[in-house]
Structures are given as C-alpha cells and as structure tokens.
Amino acid sequence: AQSVSQHNHHVILSEAASLELGCNYSYGGTVNLFWYVQYPGQHLQLLLKYFSGDPLVKGIKGFEAEFIKSKFSFNLRKPSVQWSDTAEYFCAVNDDKLIFGTGTRLQVFP
Amino acid sequence: GAGVSQSPSNKVTEKGKDVELRCDPISGHTALYWYRQSLGQGLEFLIYFQGNSAPDKSGLPSDRFSAERTGGSVSTLTIQRTQQEDSAVYLCASSLGSAGLGGEQFFGPGTRLTVL
C-alpha cells in the first residue's frame, strides 16, 4: 500500500522567510501527487497537483512543488511566506482514494 | 450546488447511539469519498463511491460503520453503537470522473462528531 511521509510536523516562521515542507511517498510507479491546505476554520482546498509533465508545479498563492522521482519526493516551497499562510498543509498521493501525510502545521508570525 | 455540503456540521451523541452523517456532492460529480480527520490519526480514507457502488470500503474501521449512496448523488455514512474513539471530523469529498483518473477532489466542511 502507498504511504506518504511529512517530516515537518510544526514549522514556525517569520513573515518573508522562505518555506520548504518535505513530502515523501512510497510508491515507485506512476503517481498523482497533491498538496492540500486547511486554513483555520476552513475546508481542505487544493494548493497544487502533479500528474505528469514539468516536474516543477506552480500552485495558488505563490506556492510551488517539485516532483523528484529518484527521491520519491514532492516538496512544497514558497520563497516568502505571509501571515495569511498560517494553516495546516497536507501532502497526498492518489491511489484511487487519497492517501494523506500526517500534515504540517505552519505558523507565520508578523 | 456550488460546493460539497455536509450535515450536520456538529453532532454530539452518547456512547452506544447510532448517528447518520450526510453528504451532498457537487452536482455531476460521479465519485464520492469519505475521510476521517482525528488528532493523532491525521486524515484517513474510509470509503469511496463510483456512482452508487462502493469499489473500495477498505478504510471502514469496523462493521459498525456503513455508507450508502443513492441516485448517484447524496451519501449517508452511518455509525452504529458509537464509541468514544469514533469522535472525529468526518469529511466528504467529490470528484468529476472515476477515482482512478486521479482528478481533484473537492472537500466539504466536515461534520464534527463528539461521542460522550
């Protein structure tokens, strides 16, 4: 069965700092990869997704992620975070259903 | 509708009672999923529907849990004889097309279940 690991459970940053959240998945075949975000009190929503093609994927709100097949990784990045990025971030792989990582709680302080 | 809706938004029940949670997917979405979000367990898959059929029920934790979907639309998740460990936020999602195509899943706001 597929699994997803997120190594950073809680990240605290100041505004304008750069962000990188790690995500590794277990499956070696063709994968569809996702990052979802859950802002306080809101629904889970899609940040970005990778199906095929360019391994550098751009998402909403200035986020991007890079699919590195050789490392089984799909790390999320943002060059300069804002206070409004405070949220919980989930990496997921599609195995018909979504298999989620345990999530990373990001707190950004002004 | 505009998005996935779930009801009730909150449910408090006593241990041993049965509960029903409802999900209205986005109109036209053929795939519907149930997940559970709890402290310490993260987001867990429960069951998914393609139309009215459930090809994958592998995430249902016990035989106290069941779900159905009618008319290719509304789905109900039923938990019988609730236990305290059932306390969690139950999330529903839907997607256009079959689950195997890996399409984006749109999530509802969830039902927060508390079992006393």
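Please read all numbers here as calculations on a predicted model, not as lab measurements. Just the heavy atoms: all of them, side chains too, but no hydrogens, waters or symmetry mates, feed the values below. A, B, ... follow the sequence lines: proteins, then strands. Residue 1 opens every chain.
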Undergrad: Using the ring-ring contact (aromatic ring centres under 6.0 Å, His included) definition, which of the options A:Phe90, A:Phe34, A:Tyr36 pairs with B:Phe107?
TA: A:Tyr36

Undergrad: Would you say A:Trp35 and A:Phe72 are hydrophobically clustered, going by side-chain heavy atoms of ILVMFWY under 4.5 Å?
TA: yes

Undergrad: Applying a strict under-4.5 Å side-chain criterion to I, L, V, M, F, W and Y, I'd like to know whether A:Val31 and A:Ile68 cluster together.
TA: no

Undergrad: Is there a donor-acceptor pair under 3.5 Å between the side chain of B:Tyr35 and the backbone N or O of A:Leu98?
TA: yes

Undergrad: Counting only heavy atoms not in A:Ile60, do more than 12 sit closer than 6.0 Å to its CD1 atom?
TA: yes

Undergrad: What about B:Val115 and B:Phe65, same hydrophobic cluster or not, with Ile/Leu/Val/Met/Phe/Trp/Tyr joined at side-chain heavy-atom distances under 4.5 Å?
TA: yes

Undergrad: Check for me whether A:Lys97 meets the cation-pi criterion with B:Phe45, that is, NZ or CZ under 6.0 Å from the six-membered ring centre and within 45 degrees of the ring axis.
TA: yes

Undergrad: Would a hydrophobic clustering, with Ile, Leu, Val, Met, Phe, Trp and Tyr connected at side-chain separations under 4.5 Å, put A:Tyr89 with A:Val4?
TA: yes

Undergrad: Would you say B:Trp34 ends up clustered with A:Phe100 if hydrophobic residues are merged whenever their side chains have heavy atoms under 4.5 Å apart, either directly or through other cluster members?
TA: no

Undergrad: So, taking the atom named CD in B:Gln37 and the one named CD in A:Gln38, what distance separates them when rounded to the nearest 0.5 Å?
TA: 4.5 Å

Undergrad: What's the verdict on side-chain contact (heavy atoms from CB on, under 4.5 Å) for A:Leu44 and B:Leu43, showing C-alpha distance, side-chain angles and the deciding distance?
TA: CA-CA 11 Å; A:Leu44 268 172; B:Leu43 275 157; 3.9 Å; yes

Undergrad: Could you grab the distance from atom NZ of A:Lys49 to atom CD of B:Gln105, nearest 0.5 Å is fine?
TA: 11.0 Å

Undergrad: For A:His43 versus B:Pro109, what's the shortest heavy-atom pair and its separation?
TA: NE2-CB, 3.4 Å

Undergrad: Of the backbone (N, CA, C, O) and the side chain (C-beta and beyond), which part of B:Ile47 lies under 4.5 Å from a heavy atom of chain A, both, or neither?
TA: neither

Undergrad: Distance check, rounded to the nearest 0.5 Å: A:Leu48 atom CG versus B:Glu104 atom CD?
TA: 10.5 Å

